[in-house]
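Side-chain atoms are counted along with the backbone in the values below, which use heavy atoms only and exclude waters and symmetry mates.
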Amino acid sequence: MLSPGSLLWQPDAGVAASPIELAAATQVFLVPGDPHAPDQVLVTDLETPAGRVHLELDPVLFEMSQELVNGSDPGQSSADA
């Protein structure tokens, strides 16, 4: 669920998991060939207060989603902030 300041992942009905806030999650960049890296190309590894999660979403799209909910200008580099 997207809303200003929030990027909340909620499990489907019947899935035993707690919702996880992803707006401030940190992407974990895996080294190619890492045996812990998922096989899917479009997976984003995140470190959250609830632990590490694998999100089946393109890392660039996830980053853009974080910028959207946090009110960041995607065209602004971190050096400009």
Side-chain angles (χ1 to χ4, degrees):
M1 177 170 49
L2 289 173
S3 60
S6 179
L7 182 57
L8 187 65
W9 173 85
Q10 294 182 317
D12 289 335
V15 175
S18 298
I20 300 173
E21 179 56 59
L22 302 175
T26 303
Q27 285 195 45
V28 177
F29 295 98
L30 299 175
V31 177
D34 182 338
H36 302 302
D39 291 334
Q40 298 104 339
V41 173
L42 299 178
V43 172
T44 302
D45 279 338
L46 303 171
E47 192 66 48
T48 73
R52 185 174 282 190
V53 296
H54 300 287
L55 185 64
E56 292 183 11
L57 182 67
D58 183 301
V60 173
L61 184 56
F62 176 75
E63 185 176 353
M64 291 170 59
S65 299
Q66 278 187 314
E67 291 170 348
L68 177 69
V69 300
N70 291 320
S72 300
D73 179 1
Q76 181 181 17
S77 72
S78 58
D80 296 338

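- When hydrophobic clusters are built by joining Ile, Leu, Val, Met, Phe, Trp and Tyr residues whose side-chain heavy atoms come closer than 4.5 Å, directly or via intermediates, Leu61 is grouped together with Val69.
- Residues Trp9 and Val53 are not in side-chain contact: their nearest non-hydrogen atoms beyond the backbone lie 4.5 Å or more apart.
- For the atom pair Gln66 CD and Leu2 CG, the distance stands at 11.0 Å (nearest 0.5 Å).
- Scanning both residues, Ala23 and Asn70, for their nearest heavy atoms gives O-ND2, 3.2 Å.
- When all heavy atoms of Ala17 and Pro11 are compared, the closest pair comes out as O-CG, 3.1 Å.
- Taking 4.5 Å as the limit, every side-chain heavy atom of Thr44 sits out of range of all side-chain heavy atoms of Asp58.
- Judged purely by distance below 3.5 Å, without hydrogens or angles, the side chains of Glu21 and Thr48 never pair a donor atom with an acceptor atom.
- Here the CG atom belonging to Leu7 is positioned 10.0 Å from the CE atom belonging to Met1, to the nearest 0.5 angstrom.
- Of the residues listed (Val43, Asp45, Leu22), the one engaging Leu55 in a side-chain contact (heavy atoms from CB on, under 4.5 Å) is Leu22, and it is the only one.
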